[in-house]
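Along the sequence shown, the residues carry numbers beginning at 1.
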Amino acid sequence: MIDKIANPAAGAAAYANTLKIGTGTDTAKDAEKGGFGAMLKQVAVDSINTLRHSETMSARAVTGDATLPDVVQAVNAADLTINTIVAIRDRMINAYTEIMRMPI
């Protein structure tokens, strides 16, 4: 596992895979079907799109194509998204831990 983390090609491949997540999917149709899985998928796609937008705005700021307020707004949205994802992950881990502690 450590060798995969230290391998830059593996990191680049993982990043390329995240770029494919939000494209070419029918998340609107999945959301209409309902269900917890569809909701999670939609939230994941929305989060990835928010992070992509922030990354794009940061790159545009470097070239001078974006204004400072736009960049700050995009970065703040990305920060809020990351904090929300981390909080949800922590809650899921805590719930799993509680389930594992339950006597059978």
So which residues get pulled into Leu80's cluster when ILVMFWY side chains under 4.5 Å apart are joined, directly or through others? none
I'd like to check the side chain to side chain contact (heavy atoms under 4.5 Å, CB included) partners of Phe36; sequence neighbours left out, ordered by chain and number. Met39, Leu40
Which pair of heavy atoms, one from Ser47 and one from Ile85, lies closest together, and at what distance? CB-CD1, 3.8 Å
With sequence neighbours left out, which residue pairs that include part of residues 72-85 fulfil the side-chain hydrogen bond (donor to acceptor under 3.5 Å, both in side chains) condition? none
So which pairs with a foot in residues 81-95 pass salt bridge (Lys or Arg N to Asp or Glu O under 4.0 Å), sequence neighbours left out? none
For Leu51, which fellow cluster members are found when Ile, Leu, Val, Met, Phe, Trp and Tyr are connected by side-chain heavy-atom distances below 4.5 angstrom, either directly or through intermediates? Ile82, Val86
Can you give me every donor-acceptor pair (side chain of residues 61-72, partner residue at least two apart or in another chain, under 3.5 Å) with its distance?
unit_1, atom_1, unit_2, atom_2, d
Thr63, OG1, Arg60, O, 2.9
Thr63, OG1, Asp65, OD2, 3.2
Thr67, OG1, Asp70, OD2, 2.9

Salt bridge (Lys or Arg N to Asp or Glu O under 4.0 Å) with Arg101: which residues, sequence neighbours excluded? Glu98
